Amino acid sequence: MHASANIASLDHATMCTASRRATLFLPLLLAPAAHAQTAAPAAAQPSAQPVPALPDRSDIVYVLNSGDATISILDAGTRSELRRFPALREPHHLSLTPDGKELVIADSGGNEFFFLDPATAEVKRRVRISNPYHLCYSPDGKYLVVASLRRDQVDIYDARDLSLLQRLRVGDKPSHICFDPGATTAFVTLQGVRSVLAISLETRQPVWQAEVGREPAGVYWNRGKIICGVMGEAHFVVLNPETRQVERQIPIGRGAHTIFPSPDGRVLYGASRVDSRIVAIDPESLEVTRVYEVPGGPDCIAFDSDGRLWATLRWVQRVGILDVHSGALDTIRVGRSPHGIFVQPRRGE
Amino acid sequence: MFGHLDTAYSQLTGWLYTEALQPALYALGLMDYADDLYQWLDFAIFGLIGIVISYVVCRPLEAAMPVERWPGRGPVYTDMIYTLLARVGVLPLLAFVLLNGAQSRLDGLIADTGFVPPTLETIFPVLREYPLLALAAYVVVLDFGEYWRHRFQHRFGWWWALHSVHHAQRQMTFWTDDRNHILDDVIAALWFGALALLIGVPLGQFPVILLILRIAEAMSHANVRLSYGSVGERLIVSPRFHRVHHGVLSVGQSGKNYAVLLPVWDWIFGTADFRRDVYPETGDPDAPEGLVTGGWFRQQALGLKRLALALAGR
C-alpha cells in the first residue's frame, strides 16, 4: 500500500500542472497569524533547521502556494495546517528525486530549486537554476527535464549533479512534461502554440511537434498514447505518438487541465479549471466513469495513504480532500493560488 | 480580525474569478492569460482599497483643517476621473501585461547567456526569512527611483510638458495624486517596472508596493494644513512638504521636495525645503487655463500639444 502510495506521489508530483503566477504578499498584510508560524525556528531558518513535531502517524502534505511564495505543510490526519514557511518568489511544481530521498521544489520566479527532506521538511540545499516551472525526472532516473514557461526554454540536466546538458529554445510557453516508460522521449506541451513537442533524450533535440488544441497544459503517458489537457477547450485529447495524430477527445469540462493516475493505476483523474470538476476516467476505455464537482478551480492532484484525493484549488486559497468513493469533499485553508501538491506517506509503516 | 479580512478577501476574489472572469476568458479564447487576469484582480481590488483608505483618511482631514477653501470644486471632480482610471482601470493591467511580456523576453535573452539573475534576497540571504523586511527594502529602492524620475520630469522640457498637467491644478486635494498625462503614466509604469525587474521585485508585490506608495502620495497631496513635526517631516513626506513642491514658485526646474515617500532623498541631494510654516498656493502660472479647468480629454490634448511644442523646441 505504502510503496504504491510512494510511487503515486512521485508521479503526481512530477506531473503537476498550472500556469504562471507571481508572488503576492497579501497574507503578509492580512494574515499575520499565518505568518507568525514562520517565526518558528524551522520556518525562520528553513535551510538550517528541521521542522519540529511533524506527525508520525499521519501523512504529511506539502502544498506550494504560488501566489504568496509560501509552502504549507498539512497534517492529513487532522486536516490542519502545521506550518507555513517562505519560498523565494513563485513555487509551482515539485518532484521527488529518483531515490525518493529528497523533494525538489521549483521556484520559477526565484530561479532556484530547493531540496527538502520530505519526512522532516528540512531544507537540505538550494540550487540556482533558470526559471524552473515544471520538472520531471526521466523514468530511468538519468535526466531531469525542466520547462521554463516564461523563457520559452526546456532544459535537460544530468539528474546526478544538475549539470546542464542541453538548453532548447522551443515554442511559446512550454508548460508540462511527461516521458514514455522507456525514457527515450520527453513530451512537452507548448501552451502558446497549441502543440506537444517530442524531444529525444538520446540526441537531446526536438524530433517532432504535433498540434493538439488551444492552450495545452497537463500531459500524461497512458498505454502507448499521450493524453493532453487542452485548457482552452472542454476536453482532453489522445495523441498517438507514432502517427502524431489526435485520435480522440475525452470530454472533461471547460478548461480541461491536468491528468493524474490513482495509486493503483486503475483510474485516471482529470481536472477542469473552469467548470471546476474532477472526472474519473477508465484508463483502458478512456470513458469518463464519474464526475465530481469541486469548486475553486482544481489543479494538481495527489493521493494520501487512505486513497483520498487531494487537489489544489487555485482560485479559492484552499486544498480539497475528496473521498472518491463517497464523493464527499472537505477543504483546508492554505496560501494564495495553491498549485503543486505532494503527499509524504505516514512514517513507520 | 486579520484572519477574517484575509478570508473575506480570498472569498471575494475567488468568487469574482470563478464566476465571472475565468468563464469570460474561456469564452474569449484567452485562457493563456488566466493567471495574469487573476493577478490583475489584485491590482484592481487593491486600487479600490487604496481609494477607499485615501478617502477615509484624507477627506475628513481636508474638511477639518484645509489650507484653502474654494467656492466650486469642478477641477477636483476631474481629478477623481483620473484616479479611477489610474488605480482601478486599464492602466495597471496594460502596464502589467506589457512588463510581464517584456520580462519574459528579457529573461530569455539573459538565460541564453547562462546568467541567473539575482534578487535582493539572494544577495542578502537574511531577507529570505523576513519577507516584510524584503518588502520594505524594495519599497526604499523603488522610492529612490521615483525621486529621480520626478527630478527628470522637471528637468527635461518635453517631460515637463507632460508633467505640467499634474502641476496645473490650483485646487490640490488628495485626488490630485493621479492627475497625470496618460503618456506620463506609461513612462512612469515603465520606469517603475524596469527598476523593479532590475532588482528582482516579484511582479505580484506590485499591488502592495503601489498601495503603500499611492496612499502616501494621496496624503501628501491632501489640502490639509498638516506638518509631521521637525523629526517626522524628515522621515516621511507630509502634506506640507509636498505642497511646497506644488507651490506656484516651485514649478519646472526651480522645484523643491521631489520625494514621493521618503524625504531623505531630498535631504541627500540638496532639494529639501523643511520650512514648516509654508503653505503656498498651488498651480503653474504658465499653464493655459484649459490645463487647469478643462476636462480630462482637454487636458490630455493640451498635454500632447505642449509636448509637441517642447520637442519642436518652441
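Chain letters run A, B, ... following the sequence lines, proteins first and then strands; every chain starts at 1. Note that this is a predicted model, so its numbers are computed, not measured.
- Evaluation of the salt bridge (Lys or Arg N to Asp or Glu O under 4.0 Å) test over residues 16-31 of chain B, restricted to residues two or more places apart or in two chains, returns none.
- The OH atom of B/Y26 lies 9.5 Å from the CD atom of A/E215; values are rounded to the nearest 0.5 Å.
- Note on A/S148, A/P295, A/G232, A/S276: by heavy-atom pairs under 4.5 Å with chain B, the leading option is A/G232.
- With hydrogens and angles disregarded, a donor-acceptor distance shorter than 3.5 Å links the side chain of B/Q22 to the backbone of A/R273.
- Taking every heavy atom of both residues into account, A/R314 and B/Y38 meet most closely at O-OH, 3.9 Å.
- Contact of A/R254 with chain B is made through backbone and side chain together, with heavy-atom distances under 4.5 Å.
- Residue A/W315 forms a side chain to side chain contact (heavy atoms under 4.5 Å, CB included) with just one option from B/T18, B/L16, B/T13, and that option is B/T18.
- For A/R318, no part lies under 4.5 angstrom from a heavy atom of chain B.
- For a residue to count as touching a neighbouring chain, one of its non-hydrogen atoms must lie under 4.5 Å from one of that chain's; by this rule B/L30 touches chain A with the backbone only.
- Between A/R214 atom CZ and B/M31 atom CE the span is 10.5 Å, to the nearest 0.5 Å.
- When A/V274, A/V316, A/L164, A/D275 are compared by the number of non-hydrogen pairs under 4.5 Å with chain B, A/V274 comes out ahead.
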